[in-house]
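Have a look at the structure below, then the notes.
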Amino acid sequence: VRHEQGATHAAQGFARVSGEVGVCLVTSGPGATNTITGIADAMIDSTPVVVIAGQVGTAFLGTDAFQEVDLVGITQPITKWSYQIRRAEDVAWAVARAFYIAQSGRPGPVLVDVTKDVTGAKYEYTACAPAEITPKTDTIKDEDIATAVQMIKEAKRPFIFTGGGTIISEASREVTELAHRIDAPVCDSLMGKGGFSGEDPLYTGMLGMHGTKTSNLGVSGCDLLIVLGARFSDRVTGNTKTFAKNAKILQIDVDAAEINKNIVVDASVVGDEKEVLKRILAEVPEMRHSEWTAHISELKEKYPLRYDHSQLTGPYIIEKLYELTKGDAIITTEVGQNQMWAAQYFKYKEPRTFLSSGGLGTMGYGLGAAIGAKTGCPDKIVVN
């Protein structure tokens, strides 16, 4: 890569398309500090990345030696775990632990800082595999599932809002089944693109300040908002005091810290989204809300996304790209208007096909992510 920040974005791109951990390896000092933006990006977008960085020799730590920087200190607020290896015998367990932490629960970045003398030392190596990753289910309570099911049964105007958690937990099939089972329209966040097919008749587009009028009016008019793996970003909610003010809100998230953080909800279930939805689907009957879905369909016809067809425009290019690829491509973006056009005018049918810097808004993300995505999915067309 041209620059180490690009290496972290490539690791993110690989992780996002494959569901595996993306890895980048960099030198000490400026090489390591150049990864900071990518690490912060991976943290806010819950992307499993392991950054392995060089460090000066143990004897030189704290001396302001050439290319020395306190990388663990710098990265602690923006990683799930940040650890400095000072002994050769700690390499195996520390790296195994890094991979486990990056992928478990809510995924995110981990930093391993390796001192120079460790890289040249010898010791008797014993293989140390990362612990098995299992879905987080111990926090799922039967009473929370029962409350969720009751709320869904009582709703006359349900609306589903799906985020990046749907893709991370591989819950797309369950979300689709729930939407059709309870006859509820579906909108998504930028990070949730492809978690529910953009070609599905129940899909209303993105929610929030860059979303569709239909999604925003739908959330304002629904009586139950079911939030799946989304964190109520300010880009989605606008004024939190008036967000979904006519609705009860049911939030499902793997991270308990997200519950009532930005929006106070009426009920929640904490745990792996796929597992939670399986349990809800086992209890929820077939339902029809034809008046409500007809109203949403009318809004879609009345307020489509529009652009000037008399000249060459960004939206036209994105629509043409969708047409030429039949939607079977991985799209990565930089940040800004190009990013919004790519989110609005390309219909993402599958998860892990739209890669963009969501929470941090990092310019330069797209090129590195495209390289990582092509590495992870060599048979797919990848367009930045």
Side-chain angles (χ1 to χ4, degrees), residues 46 105-106 134-189 191-192 195-196 200 202-204 207 215 218-233 236-237 240 243-290 292-293 296 351:
S46 304
R106 181 178 182 169
T134 54
K136 187 176 179 181
T137 58
D138 57 318
T139 51
I140 305 172
K141 297 175 182 170
D142 291 343
E143 54 266 36
D144 292 342
I145 296 289
T147 301
V149 169
Q150 192 59 34
M151 289 172 82
I152 292 168
K153 283 180 178 176
E154 290 172 1
K156 298 286 185 282
R157 301 185 308 281
F159 209 103
I160 294 172
F161 170 42
T162 178
T166 294
I167 293 165
I168 292 166
S169 70
E170 300 184 335
S172 299
R173 185 180 293 177
E174 286 74 15
V175 172
T176 305
E177 189 178 339
L178 179 68
H180 287 275
R181 175 90 61 89
I182 68 171
D183 202 22
V186 181
C187 64
D188 56 20
S189 69
M191 296 300 295
F196 185 83
D200 194 295
L202 287 173
Y203 181 66
T204 63
L207 180 63
S215 292
V219 167
S220 297
C222 71
D223 66 355
L224 175 64
L225 182 61
I226 303 166
V227 183
L228 306 173
R231 60 184 181 82
F232 293 115
S233 154
V236 160
T237 62
T240 54
F243 178 76
K245 62 180 187 295
N246 299 311
K248 287 183 176 176
I249 300 177
L250 167 64
Q251 185 177 7
I252 294 166
D253 205 285
V254 75
D255 187 355
E258 289 299 338
I259 309 299
N260 296 322
K261 186 177 87 175
N262 295 332
I263 295 286
V264 177
V265 300
D266 297 274
S268 61
V269 187
V270 175
D272 179 73
E273 184 186 318
K274 186 183 183 82
E275 187 57 37
V276 171
L277 289 179
K278 279 182 183 175
R279 297 186 193 188
I280 287 173
L281 284 164
E283 307 285 335
V284 168
E286 196 88 20
M287 300 169 78
R288 284 288 156 261
H289 303 104
S290 43
W292 170 237
T293 51
I296 295 297

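The first residue in the sequence is number 1, and the count goes up from there.
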Handout entry: Interatomic distance, Glu273 atom CD to Lys278 atom NZ [nearest 0.5 angstrom]
Key = 12.0 Å
Exercise for the section: Check the pair Phe159 / Ile296 against side-chain contact (heavy atoms from CB on, under 4.5 Å), numbers first and verdict last. Expected result: CA-CA 10 Å; Phe159 209 103; Ile296 295 297; 4.0 Å; yes
Handout entry: Close side-chain approach of Thr166 and Phe196, heavy atoms under 4.5 Å
Key = no
Exercise for the section: Look at the side chain of His289 and the backbone N and O of Ile182, then say whether any donor-acceptor pair between them is shorter than 3.5 Å. Expected result: yes
Problem - Derivation and outcome, side-chain contact (heavy atoms from CB on, under 4.5 Å), residues Ile252 and Ile280 - result: CA-CA 11 Å; Ile252 294 166; Ile280 287 173; 3.8 Å; yes
Handout entry: Sidechain-backbone polar pair: Ser268 side chain, Gln251 backbone, donor-acceptor under 3.5 Å
Key = no
Fill in the blank from the handout: All heavy atoms of Arg279 vs all of Ile140, minimum pair found to be NH1-CG2, 3.5 Å
Handout entry: Atom NZ of Lys261: over 12 foreign heavy atoms under 6.0 Å
Key = yes
Exercise for the section: For the pair Ser172 (side chain) and Gly195 (backbone), establish whether a donor and an acceptor sit closer than 3.5 Å, ignoring hydrogens and angles. Expected result: yes
Exercise for the section: Give, for atom CG of Asp138 and atom CG of Asp272, the distance between the pair rounded to the nearest 0.5 Å. Expected result: 11.0 Å
Handout entry: Asp142, CG: over 12 other non-hydrogen atoms inside 6.0 angstrom
Key = no
Practice task
Please report the C-alpha distance between Ser189 and Leu207 in whole Å, then the side-chain angles of each, then the deciding distance to 0.1 Å, and finally whether the side-chain contact (heavy atoms from CB on, under 4.5 Å) criterion is met.
Solution key: CA-CA 6 Å; Ser189 69; Leu207 180 63; over 6 Å; no
Exercise for the section: Might you point out which heavy atoms bring Ala179 and Leu202 nearest each other, and give the distance in Å? Expected result: O-CD1, 3.7 Å
Fill in the blank from the handout: The residue among Ile152, Ile145, Thr147 that forms side-chain contact (heavy atoms from CB on, under 4.5 Å) with Val149 is Ile145
Practice task
Output the distance between atom OG1 (Thr293) and atom CG (Asp183), rounded to the nearest 0.5 Å.
Solution key: 4.5 Å
Handout entry: Heavy-atom closest contact (Lys156 atom, Trp292 atom, distance)
Key = O-CB, 4.0 Å
Exercise for the section: Over all heavy atoms of both residues, which pair between Phe243 and Ile263 is shortest? Give the atoms and the distance, please. Expected result: CD2-CD1, 3.9 Å
Practice task
Answer whether the closest heavy-atom distance between the side chains of Glu170 and Pro351 falls below 4.5 Å.
Solution key: no
Problem - Side-chain heavy atoms of Ser169 within contact of Val254, under 4.5 Å - result: no
Problem - Approximate separation, where rounding is to 0.5 Å, of Leu178 CG and Ile160 CD1 - result: 4.0 Å
Handout entry: Gap separating the CG atom of Leu224 from the CG atom of Asn246, nearest 0.5 angstrom
Key = 12.5 Å
Handout entry: Any donor-acceptor pair under 3.5 Å from Asn262 side chain to Ser233 backbone
Key = no
Handout entry: Non-hydrogen side-chain atoms of Ile167 and Met191 separated by less than 4.5 Å
Key = no
Problem - Close side-chain approach of Leu250 to Asp266, heavy-atom, < 4.5 Å - result: no
Practice task
Check for a donor-acceptor pair, side chain of Ser46 on one end and backbone N or O of Arg106 on the other, with a separation under 3.5 Å.
Solution key: no
Practice task
Kindly determine whether Glu177 and Arg173 satisfy salt bridge (Lys or Arg N to Asp or Glu O under 4.0 Å), including the steps that lead there.
Solution key: CA-CA 6 Å; Glu177 189 178 339; Arg173 185 180 293 177; over 6 Å; no
Problem - Heavy-atom closest contact (Val264 atom, Ile249 atom, distance) - result: O-CD1, 4.5 Å
Practice task
Show the numbers, then the answer: is there a side-chain contact (heavy atoms from CB on, under 4.5 Å) between Val276 and Glu174?
Solution key: CA-CA 10 Å; Val276 171; Glu174 286 74 15; over 6 Å; no
Practice task
Can you measure from NZ (Lys136) to CG (Asp253) and round to the nearest 0.5 angstrom?
Solution key: 9.5 Å
Practice task
Taking all heavy atoms of Arg157 and all of Cys222, pick out the closest pair and write down the distance.
Solution key: O-CB, 3.1 Å
Problem - Min side-chain heavy-atom separation Tyr203-Asp188 under 4.5 Å - result: yes
